[in-house]
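Written below as structure tokens is the structure these notes are about.
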Amino acid sequence: MFSSGILVVIAGPSGAGKTTLAHHLVKTFPNTRFSVSTTTRKPRGGEKQGLDYDFVTTAEFSRRREQGFFLEWAEVHGNFYGTDGNWVRRQLARGSSVVLDIDVQGAMQVKRCVPSAVLVFMLPGSREELLDRLTGRSTDSAETVDRRMKAAAGEVSALGSFDYFIENRRLEDTVKMLEAVFASELRKLSNIGWPVAAGEYHPEHINGLSWWKGRRVVVSSGPTREMIDDVRFVSNRSSGLMGVSLSEAFLAGGAEVTLVSGPAMRTDPPGAVKLLRVNSAEEMLEALRRETLGADLLAMAAAVSDFRPETAVPGKIRRRGKVLSLNLVPTVDITASLGSPCPVLAFALEYGDRSEEEALEKMKRKGAFAIFLNRGDMPGIAMESPDNSGRLFFSSGSPPVSIARGSKKFAAMGIAAALGREMERRS
Ligand code: ADP
Ligand code: 5GP
């Protein structure tokens with residue numbers, strides 16, 4: 001079954017040894033690819049189009065940037081450089097790992113849209129060593145070398161955003177350190193997704209999952225924030241874990257997954273998932289409008305705020321001992337406004353004896369294809385908790401499926417599989 005590859009980013013000053021080490025990883029680990037960047041820089045002696053870089057004009061670079069082609073892009077030493085986002089996600093989705101050799105600004109952008117990316121900061125043994133290497137490469141003018149040395153100081157100030165620091169003194173030692181990092185990251189369960197061996201123990205739990213192969217699934221996740229002023233907001237306790245877990249589950253089934261997430265504690269799906277961050281209910285609606293076109297399912301795991309302040313005040317409201325009254329008005333009803341072009345899985349968090357009736361009414365009202373009912377009044381599950389359990393109801397009247405208590409990762413797998421079985425029955 002599916003296993004997502006890992007995305008490793010090597011950054012650091014020019015001349016640190018990034019390209020040398022990136023190519024070493026690609027040669028050493030099977031199923032590992034080097035991401036060829038797009039640049040507006042002119043080819044240096046011996047560099048080949050498509051192999052070292054995709055060399056393009058500034059106009060072509062701008063066109064691609066506007067079309068959202070890049071996972072990240074930056075201006076480095078007077079030229080533009082960027083990484084092809086779709087290529088990276090495609091490689092990861094088919095289980096290949098990808099190595100990026102990019103600058104520090106780019107690395108930080110990658111961490112934002114692929115939180116599971118592994119960021120390695122590389123420095124040579126000393127400043128003198130860096131100077132020697134840049135001069136020794138003899139591809140750059142003295143002026144360029146000087147500019148790159150000055151830039152190195154600024155780049156080092158971003159060190160705190162990285163996961164690993166590697167000093168590239170003796171190449172043999174660096175190689176060993178980097179190989180160790182790469183090998184450990186490959187074993188992380190969050191990168192493996194759903195291990196084949198585990199699946200063999202629970203075939204009934206995952207039957208139906210493969211229905212999603214090649215299909216497009218959009219998952220919404222987390223709370224939304226409705227601003228009172230530029231500092232405070234109305235929100236809820238949703239952690240975003242259920243949405244992240246659903247993304248992993250559909251990905252494990254072979255789907256192409258987009259996660260539209262509000263500002264949650266958990267916004268770290270596997271790298272193959274396209275992650276879009278939003279704040280308010282309105283922004284979530286806009287993102288879903290774009291993303292659900294041509295999709296096969298929208299899983300609305302987001303806990304969209306039901307209310308928002310009638311007006312958001314710019315700046316910060318001063319305290320000054322006054323009583324502040326908030327006028328709350330309903331937020332946009334996303335499912336209703338969307339008139340989703342694809343089937344919708346709704347979620348119901350219900351309290352009390354009428355939970356099931358409420359959930360079934362909600363499924364009808366929202367025109368949803370299915371609804372997952374989890375109880376708000378059962379300790380240890382649903383909001384802010386690592387676990388979940390509940391019942392999945394179908395609008396067709398097919399018998400509901402009970403999802404036993406377990407980690408959200410496990411529950412999500414059960415939901416995605418049950419939905420796949422229902423889709424199969426209907427088709
Ligand atoms: P970057 O991609 O960070 O600009 P490169 O990989 O091109 O850096 O390395 C710059 C130069 O330093 C190259 O000539 C490379 O062969 C050399 N180099 C890399 N690592 C070492 C090392 N540990 N010891 C000596 N030379 C090195
Ligand atoms: P060079 O011109 O020496 O090949 O690269 C100059 C700098 O640009 C290096 O630090 C390199 O890592 C960085 N770079 C190369 N490709 C990319 C890219 O796609 N994105 C970003 N942000 N930086 C890149």
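We number each residue from 1, following the sequence as shown. Numbering of ligands and ligand atoms starts at 1, following listing order.
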Report summary line: Check: of Glu167, Glu172, Arg133, min heavy-atom distance to atom 17 (C) of ligand 1 comes from Arg133

**Report entry** Any Gly136 heavy atom less than 4.0 Å to ligand 1
**Finding:** no

Query raised in the report: Can you tell me if Glu60 and Ser62 form a side-chain donor-acceptor pair at under 3.5 Å?
Result: no

Requested in this report: May I ask you to list the atoms of ligand 2 that are less than 4.0 angstrom from any heavy atom of Ala74?
Outcome: 22 (N)

Requested in this report: Give the contacting part of Arg148 toward ligand 2: side chain, backbone, both or neither, where contact means a heavy-atom distance below 4.0 Å.
Outcome: side chain

Query raised in the report: Does even one non-hydrogen atom of Pro13 get within less than 4.0 Å of ligand 1?
Result: yes

Report summary line: min-distance protein heavy atom vs atom 4 (O) of ligand 2 -> Tyr53 OH, 2.5 Å

Query raised in the report: Quick check: does Arg169 get an N/O under 3.5 Å from an N/O on ligand 1?
Result: yes

Query raised in the report: Should Arg64 and Asp84 count as an ion pair when the cut-off is N to O under 4.0 Å?
Result: no

Query - Taking atom 20 (N) of ligand 2 as the reference point, the nearest protein heavy atom with its distance - result: Glu72 OE2, 2.8 Å

**Report entry** Check: Asp101/Thr19 side-chain N/O donor and acceptor closer than 3.5 Å
**Finding:** yes

Query raised in the report: Charged N to carboxylate O below 4.0 Å: is that the case for Glu422 and Arg426?
Result: yes

Requested in this report: Decide salt bridge (charged side-chain N to carboxylate O under 4.0 Å, His left out) for Lys274 and Glu291; before the verdict, give the C-alpha distance in whole Å, the side-chain angles of both, and the deciding distance to 0.1 Å.
Outcome: CA-CA 10 Å; Lys274 179 176 171 190; Glu291 297 300 323; 3.5 Å; yes

**Report entry** Short N-O contact, Lys176 and Glu172, less than 4.0 angstrom
**Finding:** no

Query raised in the report: If you measure from atom 11 (C) of ligand 2 to every heavy atom of Thr19, Thr38, Asp101, which option wins on shortest distance?
Result: Asp101

Requested in this report: Could you label the plane-to-plane angle of the Phe29 and Phe182 rings as parallel, tilted or perpendicular, counting under 30° as parallel and over 60° as perpendicular?
Outcome: tilted

Query raised in the report: What atoms of ligand 2 come closer than 4.0 angstrom to any heavy atom of Gly82?
Result: 18 (C), 19 (O), 20 (N)

Query raised in the report: Is Glu248 paired with Lys409 through a side-chain N to carboxylate O contact shorter than 4.0 Å?
Result: yes

Query - Atom indices of ligand 1, in the order listed, that fall short of 4.0 Å to a heavy atom of Thr19 - result: 1 (P), 2 (O), 6 (O)

Requested in this report: Only heavy atoms count here, so choose which of Arg41, Arg44, His77 is nearest to atom 3 (O) of ligand 2.
Outcome: Arg44

**Report entry** ligand 2 to Gly12 polar contact by distance, N or O atoms, under 3.5 Å
**Finding:** no

Query - Closest protein heavy atom (residue, atom, distance) for atom 14 (O) of ligand 1 - result: Arg137 CG, 4.1 Å

Query raised in the report: Do Asp163 and Lys111 sit within salt-bridge range, that is, some charged N less than 4.0 Å from a carboxylate O?
Result: yes

Report task. Using a 4.0 Å heavy-atom cut-off, say whether Gln105 meets ligand 2 through its side chain, its backbone, both or neither. Result -> neither

Query raised in the report: Relative to the heavy atoms of Gly106, which atoms of ligand 2 are at a distance of less than 4.0 Å?
Result: 22 (N)

Query raised in the report: Among side-chain atoms of Ser407 and Asp387, is any donor-acceptor pair under 3.5 angstrom?
Result: no

Query raised in the report: Considering only protein heavy atoms, which is closest to atom 16 (N) of ligand 2, and at what distance to one decimal place?
Result: Ser37 OG, 3.0 Å

Report summary line: atom 6 (O) of ligand 1: closest protein heavy atom, distance to 0.1 Å, is Thr20 OG1, 2.5 Å

Query raised in the report: Which of the atoms in ligand 1, numbered in the order shown and given with their element, are less than 4.0 Å from a heavy-atom of Ser14?
Result: 4 (O)

Report summary line: Min over Ile102, Asp103, Leu100 of heavy-atom distance to atom 18 (C) of ligand 2 lands on Ile102

Report summary line: Tested for side-chain contact (heavy atoms from CB on, under 4.5 Å) against Glu72, the lone hit among Val110, Val9, Val114 is Val110

**Report entry** Sidechain N-carboxylate O distance under 4.0 Å for Asp268, Arg266
**Finding:** yes

Query raised in the report: Does some side-chain heavy atom of Leu328 sit less than 4.5 Å from a side-chain heavy atom of Arg308?
Result: no

Requested in this report: State whether the shortest distance between N or O atoms of Leu21 and N or O atoms of ligand 1 falls below 3.5 angstrom.
Outcome: no

Query raised in the report: So between Val76, Val110, Thr83, whose heavy atom ends up nearest atom 7 (C) of ligand 2?
Result: Val76

Query raised in the report: Looking only at non-hydrogen atoms, which of Tyr81, Trp73, Phe70, Phe80 approaches atom 2 (O) of ligand 2 most closely?
Result: Tyr81

Report task. Check whether any heavy atom of Asn168 sits under 4.0 Å from an atom of ligand 1. Result -> yes

Report task. Look at ligand 2 and say whether Lys18 reaches it with a heavy atom at a distance under 4.0 Å. Result -> yes

Requested in this report: Decide ring pair (Phe, Tyr, Trp, His ring centres under 6.0 Å) for Tyr81 and Tyr53; before the verdict, give the C-alpha distance in whole Å, the side-chain angles of both, and the deciding distance to 0.1 Å.
Outcome: CA-CA 9 Å; Tyr81 296 84; Tyr53 280 106; 5.8 Å; yes

Query raised in the report: Measuring from the heavy atoms of Gln109, does anything fall under 4.0 Å of ligand 2?
Result: no

Query raised in the report: Is any NZ, NE, NH1 or NH2 atom of the basic residue among Arg41 and Glu47 found under 4.0 Å from an Asp or Glu carboxylate oxygen of the other?
Result: yes

